[in-house]
Participant: 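Please find one structure pasted underneath; my questions will follow.
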Amino acid sequence: MANHSNGSSKDSFTIPEIKFTKLFINGQFVDSFSGKTFETIDPRSGEVIAKMAEGDVEDVNLAVKAAREAFDHGKWPRMSGYERGRLMMKFADLIEEHIEELAALDSIDAGKLLTMGKIVDIPSCIHLLRYYAGAADKIHGNTLKVAGEYQGYSLKEPIGVVGHITPWNYPSTMFFLKVSPALAAGCTMIVKPAEQTPLSALFYAHLAKQAGIPDGVLNVVNGFGSTAGAALSSHMDVDKISFTGSPEVGRLIMEAAAKSNLKTVSLELGGKSPLIIFDDADVDMAVNLARLAIFFNKGEICVAGSRVYVQEGIYDEFVKKAVASAKSWVVGDPFDPQVQQGPQVNKTQFERVLRYIEHGKREGATLLTGGKPCGEKGYYIEPTIFADVKEDMLIAQDEIFGPVMSLMKFKTIEEAIERANCTRYGLAAGIVTKDLNIANRVSRSIRAGTIWVNCYFAFDPDCPFGGYKMSGFGRDQGLDAMEKYLQVKSVITPIYSSPWL
Ligand code: NAP
Ligand code: MG
């Protein structure tokens with residue numbers, strides 16, 4: 001049985017006041033056109049936190065109109081990169097003044113650990129904004145070698161009106177992964193946050209306005225994917241959709257883009273990332289890394305190390321220590337600083353994870369620890385480890401998005417590489433070894449967008465992040481992400497003015 005905290009130190013926090021529940025369109029908080037609302041839920045209890053304005057087609061139309069106007073005639077795309085960067089820096093400073101409140105909003109909305117929000121999530125959003133603020137005045141074209149008596153240069157221009165559609169597992173980080181490079185590029189935008197976690201996005205919209213980002217540049221339309229999200233991805237006046245979420249919805253977005261104005265699309269989809277631990281690894285360190293890789297953020301993380309491959313020489317010792325370490329992982333109220341794992345984001349996700357666990361048992365995997373809900377209320381699940389998992393089992397192929405580790409034993413490097421690649425996903429992978437040759441060889445052989453050697457979840461705004469295979473295409477982070485929000489234009493002029501020109 002996992003260690004379930006009784007939440008005794010809960011007195012040390014206050015639940016944040018919910019200040020923003022409407023839509024943010026053209027610099028104003030407004031009710032939805034229909035007047036409808038939806039509930040956002042606290043996963044610690046299943047209780048309603050707030051009723052949010054529910055955006056639909058009409059609201060998306062208004063937001064796109066505002067973003068179009070701000071792009072076609074407004075200051076944002078026309079001001080210098082330096083000036084845009086200055087306003088983004090101001091935006092980042094304002095976030096810094098509200099770290100605690102913003103972290104608390106994500107904790108109550110998504111069941112995320114408050115401490116992690118304060119020291120990791122929100123500071124990393126500030127870092128992202130400042131990184132791209134610094135890039136806003138460094139957008140360069142090239143001089144072109146044109147044959148004949150011509151000269152040419154290329155210009156990089158903002159792509160236009162962007163729709164950002166985000167998931168619920170990292171509400172703040174997802175917002176800034178998308179919004180920061182798009183702002184730096186000079187785009188205007190509409191964000192459709194996940195229905196489960198709309199609270200922090202609205203707070204950010206408010207701070208953007210306070211920072212002086214002009215009306216219409218950053219709009220937020222809360223609502224459901226099948227209505228507001230679909231309206232955005234099929235809109236004729238949206239030039240690009242930047243999406244993070246599931247492969248199923250990624251397909252729908254590509255279809256909508258294809259059937260409307262052929263807007264460009266970038267997709268960050270899920271993963272089933274392998275963590276490969278070699279015989280020469282320090283077993284205690286490897287166990288800690290494996291535990292972090294799958295139980296951090298309750299497994300609701302697209303790069304979770306959900307398939308753990310351990311070489312046969314250390315397998316038995318690893319299994320014993322991994323089980324003990326999962327049992328000592330503290331599950332409980334995410335506002336309690338002692339807690340390491342909060343509740344799954346909602347009932348649907350909670351039940352989905354439990355169904356996968358039942359499936360794993362039926363498929364013949366050995367349940368070593370966990371496997372059950374815990375706590376008296378809310379959506380808590382015990383850290384769970386399966387051994388004897390085979391590649392063709394559903395729990396080894398599907399992204400569970402929960403605290404479920406699949407353990408597998410391997411013999412040779414070749415076998416590890418082949419089995420690690422044996423999935424339709426390719427988002428990330430981890431390697432634990434002291435042997436540089438193994439690390440290099442395996443890094444180059446795994447078809448995934450990020451490889452962590454002797455570490456996991458090491459992110460930085462400067463490291464491009466995205467998927468191979470069905471984990472999607474296009475990169476967030478790094479200067480690569482800027483390219484998604486830029487067009488390239490060639491300008492060619494004659495060098496000599498010929499008499500007939
Ligand atoms: P999801 O169902 O794909 O939803 C993602 C976003 O798309 C939400 O805002 C959703 O709105 C919206 N959406 C749903 N249907 C839509 C439609 N027809 N048209 C346009 N937008 C639509 O994913 P999720 O359940 O939020 O998140 C879990 C999944 O996301 C997991 O599979 C995970 O792998 C993936 N994920 C990937 C990454 C990554 O970086 N690669 C990061 C996080 C999560 P609603 O909320 O209203 O449904
Ligand atoms: Mg919620």
Side-chain angles (χ1 to χ4, degrees), residues 38-41 52 54-57 60 109-110 112 121 163-178 190-199 201 220-235 238 241-260 263 265-273 297-304 306 344-353 356 397-402 423-428 448-450 457 459 464-477 481:
F38 67 100
E39 294 171 341
T40 192
I41 303 291
M52 312 298 297
E54 181 186 327
D56 205 326
V57 180
V60 167
D109 219 4
K112 294 172 69 69
D121 290 31
H164 300 292
I165 302 180
T166 59
W168 41 260
N169 60 335
Y170 274 83
S172 293
T173 313
M174 291 296 160
F175 187 92
F176 285 101
L177 277 175
K178 308 281 178 213
I190 302 97
V191 182
K192 206 299 278 172
E195 73 191 64
Q196 297 85 349
T197 54
L199 296 175
V220 177
V221 178
N222 329 307
F224 295 103
S226 56
T227 50
L232 200 53
S233 45
S234 60
H235 204 292
V238 172
I241 294 285
S242 177
F243 171 77
T244 296
S246 60
E248 296 72 30
V249 174
R251 265 184 222 283
L252 294 177
I253 286 173
M254 282 188 84
E255 267 176 41
K259 287 179 180 160
S260 55
K263 57 180 70 65
V265 170
S266 51
L267 304 177
E268 300 278 5
L269 307 175
K272 191 74 189 174
S273 301
N297 206 50
K298 25 149 177 159
E300 291 173 352
I301 178 160
C302 47
V303 286
S306 46
Q344 307 308 127
V345 73
N346 63 7
K347 190 160 185 274
T348 313
Q349 199 62 22
F350 169 77
E351 288 172 349
R352 182 171 175 265
V353 175
Y356 271 113
Q397 287 298 323
D398 279 14
E399 181 177 50
I400 299 174
F401 231 54
T423 153
R424 59 189 182 277
Y425 291 112
L427 195 56
T450 298
F457 298 137
F459 283 107
F465 172 72
Y468 282 37
K469 303 195 280 186
M470 282 181 68
S471 290
F473 51 86
R475 292 291 177 269
D476 283 328
Q477 297 194 142

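Indexing begins at 1, ligand by ligand and atom by atom, following the structure's order. When a residue number appears, it is its place in the shown sequence, counting from 1. Values in this document were obtained by computation on a predicted structure and should not be read as measured data.
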Participant: With heavy atoms under 4.0 Å as the rule, classify the contact between Glu268 and ligand 1 as side chain, backbone, both or neither.
Facilitator: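 Both backbone and side chain of Glu268 come within 4.0 Å of ligand 1.
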Participant: Show your reasoning for whether side chain to side chain contact (heavy atoms under 4.5 Å, CB included) applies to Trp168 and Glu195.
Facilitator: CA-CA 8 Å; Trp168 41 260; Glu195 73 191 64; over 6 Å; no
Participant: Under a 4.5 Å cut-off applied to non-hydrogen side-chain atoms, are Ile190 and Leu232 in contact?
Facilitator: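 When only atoms from C-beta onward are counted, Leu232 and Ile190 do touch, with a gap below 4.5 Å.
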Participant: Please work out whether any backbone atom (N, CA, C, O) or any side-chain heavy atom from C-beta onward of Thr166 is under 4.0 Å from ligand 1, and answer side chain, backbone, both or neither.
Facilitator: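 Backbone only; the side chain of Thr166 stays clear of ligand 1.
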Participant: Using side-chain heavy atoms (C-beta onward) and a distance below 4.5 Å, is Thr166 in contact with Lys192?
Facilitator: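 SC-SC contact between Thr166 and Lys192 ruled out.
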Participant: Considering Phe401, Tyr170, Phe465, Phe38 one by one, which has a heavy atom nearer to atom 44 (C) of ligand 1 than any of the others?
Facilitator: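 Result: the heavy atom closest to atom 44 (C) of ligand 1 is in Phe401.
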Participant: Using a 4.0 Å cut-off to any heavy atom of Gly270, which atoms of ligand 1 qualify?
Facilitator: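 Under 4.0 Å from Gly270, ligand 1 has these atoms: 34 (O).
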Participant: Please identify which atoms of ligand 1 are closer than 4.0 Å to at least one heavy atom of Ala194.
Facilitator: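 Per the distance check, 9 (O), 46 (O).
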Participant: Would Ser471 count as being in polar contact with ligand 1, using the rule that some N or O on each side must be under 3.5 angstrom apart?
Facilitator: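 Ser471 vs ligand 1: no N/O contact under 3.5 Å.
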Participant: Side chains of Ile165 and Ser242: closer than 4.5 Å at any heavy-atom pair?
Facilitator: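 No; the side chains remain at least 4.5 Å from each other.
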Participant: For atom 20 (C) of ligand 1, grab the closest protein heavy atom and report residue, atom and distance to one decimal in Å.
Facilitator: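 Answer, as residue, atom name and distance: Gly229 C, 3.2 Å.
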Participant: My understanding is that we take every heavy atom of each candidate and find the minimum distance to atom 40 (O) of ligand 1. Doing that for Ala304, Cys302, Gly223, Ser246, which one comes out nearest?
Facilitator: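 Comparing heavy atoms across Ala304, Cys302, Gly223, Ser246, the nearest one to atom 40 (O) of ligand 1 lies in Cys302.
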Participant: Just wondering, do Gln196 and Ile41 contact through their side chains at under 4.5 Å, heavy atoms?
Facilitator: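 The answer is no, as the side chains (C-beta and beyond) never meet within the 4.5 Å cut-off.
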Participant: One residue to check: Phe243. Relative to ligand 1, which of side chain, backbone, both or neither has a non-hydrogen atom less than 4.0 Å away?
Facilitator: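 Under 4.0 Å from ligand 1, Phe243 contributes side-chain atoms alone.
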Participant: Heavy atom under 4.0 Å from ligand 1: found in Gln196's side chain, backbone, both, or neither?
Facilitator: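 For Gln196, the contact with ligand 1 is made by the side chain alone.
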Participant: Using a strict 4.0 Å cut-off to heavy atoms of Ala230, name the atoms of ligand 1 that fall inside it.
Facilitator: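 The list of qualifying atoms is 19 (N), 20 (C).
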Participant: At what distance is the nearest protein heavy atom to atom 12 (C) of ligand 1, and which residue and atom is it?
Facilitator: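 That would be Ile165 CG2, 3.6 Å.
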Participant: For atom 18 (N) of ligand 1, find the nearest protein heavy atom and state the residue, atom name and distance (0.1 Å precision).
Facilitator: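 Of the protein heavy atoms, Leu252 CD1, 3.6 Å lies nearest.
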Participant: When you check the side-chain N and O atoms of Gln349 and Glu300, is any donor under 3.5 Å from an acceptor?
Facilitator: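 Their side chains do not contain a donor-acceptor pair, so the 3.5 Å distance test is not met.
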Participant: Which heavy atom of the protein is the closest neighbour of atom 24 (P) of ligand 1, given with residue, atom name and distance?
Facilitator: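 Going by distance alone, atom 24 (P) of ligand 1 is nearest to Trp168 NE1, 3.2 Å.
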Participant: Quick one: does Gly225 get an N or O within less than 3.5 Å of an N or O on ligand 1?
Facilitator: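 Looking only at distances, the answer is yes, because the N/O contact criterion of under 3.5 Å is met.
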Participant: If only atom types and distance count, is the side chain of Lys272 paired as donor or acceptor with the main-chain N or O of Asp398 below 3.5 Å?
Facilitator: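 It does hold such a pair.
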Participant: I need the nearest protein heavy-atom contact for atom 32 (O) of ligand 1: residue, atom name and distance, please.
Facilitator: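 Looking only at protein heavy atoms, the one closest to atom 32 (O) of ligand 1 is Glu399 OE1, 2.8 Å.
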Participant: Measuring from atom 10 (C) of ligand 1, which candidate in Lys192, Lys272, Glu195 has the nearest non-hydrogen atom?
Facilitator: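 The option holding the nearest heavy atom is Lys192.
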Participant: Hey, which atoms in ligand 1 end up nearer than 4.0 Å to a heavy atom of Phe224?
Facilitator: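 Listed by number with element, the hits are 47 (O).
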Participant: Give the atom numbers and elements of ligand 1 that come within less than 4.0 Å of a heavy atom of Pro167.
Facilitator: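 Near Pro167, meaning under 4.0 Å from one of its heavy atoms, ligand 1 has 26 (O), 27 (O), 43 (C), 44 (C).
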Participant: Please identify which atoms of ligand 1 are closer than 4.0 Å to at least one heavy atom of Thr244.
Facilitator: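 Once the distances to Thr244 are compared, the set is 5 (C), 37 (C), 38 (C), 39 (C), 40 (O), 42 (C), 43 (C).
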Participant: Report yes if some heavy atom in the side chain of Phe465 is under 4.5 Å from a heavy atom in the side chain of Cys302; otherwise report no.
Facilitator: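 Sidechains of Cys302 and Phe465: in contact.
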Participant: Regarding ligand 1, does Asn169 bring an N or O atom to under 3.5 Å of one of the ligand's N or O atoms?
Facilitator: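 Checking ligand 1 against Asn169, no N or O pair falls under 3.5 Å apart.
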Participant: Please report which non-hydrogen protein atom sits nearest to atom 41 (N) of ligand 1, along with the residue it belongs to and the distance in Å to one decimal place.
Facilitator: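 Protein heavy atom at minimum distance: Leu269 O, 2.1 Å.
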Participant: Does ligand 1 have a heavy atom under 4.0 Å from the side chain of Ile301, from its backbone, from both, or from neither?
Facilitator: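 None of Ile301 does.
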Participant: Provide, to 0.1 Å, the distance between atom 35 (C) of ligand 1 and the closest protein heavy atom, together with that atom's residue and name.
Facilitator: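 Result for atom 35 (C) of ligand 1: Gly245 O, 3.1 Å.
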Participant: Relative to the ring of Phe224, is the ring of Phe38 parallel (under 30°), tilted (30 to 60°) or perpendicular (over 60°)?
Facilitator: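 Phe38 and Phe224: tilted rings.
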Participant: For ligand 1, which atoms, with element, lie under 4.0 Å from some heavy atom of Leu427?
Facilitator: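 With Leu427 as reference, the close atoms of ligand 1 come out as 41 (N).
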Participant: Taking the six-membered ring of Phe243, is the NZ or CZ of Lys178 close enough (under 6.0 Å from the centre) and on axis enough (within 45°)?
Facilitator: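 No cation-pi geometry.
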Participant: Is there a side-chain contact between Ile253 and Val265 in this structure, where contact means two heavy atoms from C-beta onward sitting under 4.5 Å apart?
Facilitator: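 Counting from C-beta outward, Ile253 and Val265 do come under 4.5 Å.
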Participant: Give a yes or no on whether atom 4 (O) of ligand 1 lies under 4.0 Å from any heavy atom of the protein.
Facilitator: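 Answer no: nothing from the protein, no heavy atom, is under 4.0 Å.
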Participant: Assess whether a salt bridge exists between Glu255 and Arg251, defined as any Lys/Arg side-chain N lying under 4.0 Å from an Asp/Glu carboxylate O.
Facilitator: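 No, no charged N to carboxylate O under 4.0 Å.
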Participant: Does any N or O in the side chain of Ser266 come within less than 3.5 Å of the main-chain N or O of Gly474, such that one atom is a donor and the other an acceptor?
Facilitator: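 Between the backbone of Gly474 and the side chain of Ser266 there is no qualifying donor-acceptor contact (under 3.5 Å).
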Participant: Strictly distance-based, threshold 3.5 Å: is any side-chain N or O of Arg424 a donor or acceptor partner for the main-chain N or O of Gly271?
Facilitator: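 Here the side-chain-to-backbone pair does not exist.
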Participant: Using only heavy-atom distances, determine whether the side chains of Ser172 and Asp121 contain a donor-acceptor pair under 3.5 Å.
Facilitator: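 Looking only at side-chain atoms, Asp121 and Ser172 do not form any donor-acceptor pair under 3.5 Å.
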Participant: Side chain, backbone, both or neither: which applies to Val249 and ligand 1 if a contact is any heavy-atom pair less than 4.0 Å apart?
Facilitator: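 Answer for Val249: side chain.
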Participant: At a 4.0 Å threshold, what atoms of ligand 1 neighbour a non-hydrogen atom of Met174?
Facilitator: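 Answer for ligand 1: 42 (C), 43 (C).
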Participant: When you compare the side chain of Asp476 with that of Glu268, does any pair of heavy atoms fall below 4.5 Å?
Facilitator: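 Answer yes - side chains close enough.
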